[in-house]
Novice: 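Below you'll find the structure I mean.
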Amino acid sequence: MENVIEVNGLCKVYKKNFRKIHALKGIGFTVRKNMILGILGPNGAGKTTLLKLLTGIMAPERGMGTLALLGTEDIATVKHRIGFLPENPEFFRNISAYELLVFAQRVSGIQHDREKIYRVLRQVRLFDERRERVRNFSKGMRQRIGIAQAIIHEPELLILDEPMSGLDPPGRRMVTDIIEDYAKLGRTILFSTHDLDDIEALCTDVMVLKEGEILLEKSLAQLRLGSRFLIQAENREGKFSQVAKDTEELWRMLENIRNKGMRIIKVQSGIADHLELFYGQETDDES
Amino acid sequence: MKANGMFKQTRLLEMIMFRELIRDKIFISLSGAAVVLVAASLILNEMVVGQEIKATKDLGLSVLNVFSLFILIFLGVNQVSRDLTNKSLYFLFSRPISRAHYLLGSWFSILAAVAAGILVMSAVIFLLSFLQQEVWLGGIIAAGFLTMLEMMVLSAFALFFVLIASPQLAMFLTLLTYVIGHTIEKAAVIIEQSANLPLKYLITVLDAVLPNLEFFNKKPEIVYGLPISADFFLHATLYAFAYALLVLLVSMRVLAKKEL
């Protein structure tokens, strides 16, 4: 299958207060066409840096790693085929939602199409506020206009940095619908999130980043096959967790726990729980 | 990117940023204040017997220059520093817009906002002079044009300062450049006789680096209706473009290296 993104040995080093911070430490991965890749990781893992590199907002370290998008290493030439929603998006304040989308269309090299703008505004539930200036928008509304500007030119690759941030449940549902609809059109989607349920509900693949390195990169199908059971129990010394690889081991462990007179709090399974176990352990290490 | 693509993206940016600037409350307040101040020359006229129209012209041209500077500082510097701190540049730079496009778009939009302010003030000055039985159009056009050239240079400096300093410091440095730019020529002449060597060197360096903004000041000639040669306008235009271009090129280099 056609690769939309090819990343090899990608590095990014920031200089802060005369100190070098390695945001990405030579990571490599590929994203195939029509993939929905969820990028998971604690704060400071390098998620946003990776997305900024992919969208050409910043450049990787010279001579350290390669990055190819939509068949070219020159990201600048394919930017009109990418849609990007930044984290906590900010736009011009004194222009209306409609004007912002007109600008987004024209700057992406497509003709001004009013019907298309109206359709997208309805999709993100901002049609009634189309003449309202962006400065008057709430955080959730800004997030929604951010999504609208990212999809207005129907990009082949949609990159969303924490798209669910600041949204109420209907807003989250709306983003979920947009991502699903987009995937049905054969487009490729990348998004970063902290929410494991979003990964399980939407993604075909998942990548876990920590301290600039990839800890896990798997398809959800693979994860489902290798899905484990997490047992949470309690004894006199406090709570503890155990992992069972399969149902046979699960029953054996549960019996063992009961025999020792300990209390079983809960047993979890599924991909989100599997990731939680993985992600949780990794973030626990940090604290 | 092809030249027409570069032009198109810069033009789109300029248009939207201009709209952003002229809808800002600061622009509306500044323009309103300038109009009121120019109109106040009518009161001043009551005190200057025999030279009523001169008071209107004098005050009008001073307001034109100072308020153009205010629009540049309070709107232009504010807008670009807001873009940098609020990360609204992510929205732009993830699209086919380069950092050079952004800088040029910002520069043109600031100039367009200044031009809009000049247009409003010029209309009021013209109206007032008309009310005093004088059609004073040539002088207003000349003053507006020279103010635009001055702001062209100063806005390039303002953009450079925004990239290297905090918004407040950038505003201060722009104001300082304006003040030094208007006084450096005289200071250089005065300091020529001085024995204070460090001060002499400082003035010489500032004179060499900073633009001579007093060069664009032809207020006495304009107010008294004295002729200004076409050569001067050509010279002033070339001087402004060359200076602005040089500073913009340095700013582009700074922005290209800036970590966002």
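Here the structure is a predicted model, which is why all the values come from computation and not from measurement. The chains referred to below are lettered A, B, ... by the order of the sequence lines, with proteins before strands, and numbering in each begins at 1.
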Novice: For A:Gln111, look at atom CD and say whether over 12 heavy atoms of other residues, nucleotides or ligands are found less than 6.0 Å away.
Specialist: no
Novice: To the nearest 0.5 Å, what is the distance between CG (A:Asn94) and CD1 (B:Ile22)?
Specialist: 10.0 Å
Novice: Mark yes when over 12 heavy atoms from residues, nucleotides or ligands other than A:Arg142 sit less than 6.0 Å from its CZ; otherwise mark no.
Specialist: yes
Novice: Find out whether B:Phe91 and A:Phe84 are in side-chain contact, i.e. whether some heavy atom of one side chain is under 4.5 Å from a heavy atom of the other.
Specialist: no
Novice: Taking every heavy-atom pair that is under 4.5 Å apart, which of A:Ile57, A:Val102, A:Thr55, A:Ile75 has the most such pairs with chain B?
Specialist: A:Ile57
Novice: I need the residue from A:Arg133, A:Lys15, A:His80 with the largest number of non-hydrogen atom pairs under 4.5 Å to chain B.
Specialist: A:Arg133
Novice: Do other residues, nucleotides or ligands put more than 12 heavy atoms under 6.0 Å from B:Phe130 CZ?
Specialist: no
Novice: Checking B:Leu92 against chain A: side chain, backbone, both or neither under 4.5 Å from a heavy atom?
Specialist: side chain
Novice: Enter the distance from B:Leu12:CG to A:Ser108:OG here, rounded to the nearest 0.5 Å.
Specialist: 10.0 Å
Novice: Between CG of A:Asn88 and OH of B:Tyr90, what distance do you get to the nearest 0.5 Å?
Specialist: 10.5 Å
Novice: With a 4.5 Å limit on heavy-atom distance, are the side chains of B:Leu13 and A:Phe103 in contact?
Specialist: yes
Novice: If you count heavy-atom pairs under 4.5 Å between each of B:Gln79, B:Arg99, B:Arg23, B:Lys258 and chain A, which one has the most?
Specialist: B:Arg23
Novice: Under a 4.5 Å heavy-atom cut-off, does chain B meet the side chain of A:Ser96, its backbone, both or neither?
Specialist: backbone
Novice: Of the backbone (N, CA, C, O) and the side chain (C-beta and beyond), which part of A:Ala59 lies under 4.5 Å from a heavy atom of chain B, both, or neither?
Specialist: neither
Novice: Counting only heavy atoms not in A:Phe29, do more than 12 sit closer than 6.0 Å to its CZ atom?
Specialist: yes
Novice: At a 4.5 Å cut-off on heavy atoms, which part of A:Glu99 comes close to chain B: side chain, backbone, both, or neither?
Specialist: both
Novice: Identify the residues of residues 156-165 of chain A whose heavy atoms come closer than 4.5 Å to a heavy atom of chain B, ordered by number, or report 'none'.
Specialist: none
Novice: Can you see which heavy atom on A:Lys79 is nearest to which on B:Pro96, and at what distance?
Specialist: CB-N, 3.8 Å
Novice: Report the option among A:His153, A:Arg93, A:Lys52, A:Arg106 that has the most heavy-atom pairs separated by less than 4.5 Å from atoms of chain B.
Specialist: A:Arg93
Novice: Go through the atoms of A:Pro89 and report whether side chain, backbone, both or neither lie under 4.5 Å from a heavy atom of chain B.
Specialist: neither
Novice: With a 4.5 Å heavy-atom cut-off, do B:Gln9 and A:Val107 have their side chains touching?
Specialist: yes
Novice: Does atom CZ of A:Arg114 have more than 12 heavy-atom neighbours from other groups under 6.0 Å away?
Specialist: no
Novice: Check the surroundings of atom OH in A:Tyr118: do more than 12 heavy atoms from other residues, nucleotides or ligands lie under 6.0 Å from it?
Specialist: yes
Novice: Are the side chains of A:Glu90 and B:Arg82 in contact, using a 4.5 Å heavy-atom criterion?
Specialist: no
Novice: Which bit of B:Glu20 is near chain A, if near means a heavy-atom gap under 4.5 Å: side chain, backbone, both or neither?
Specialist: both
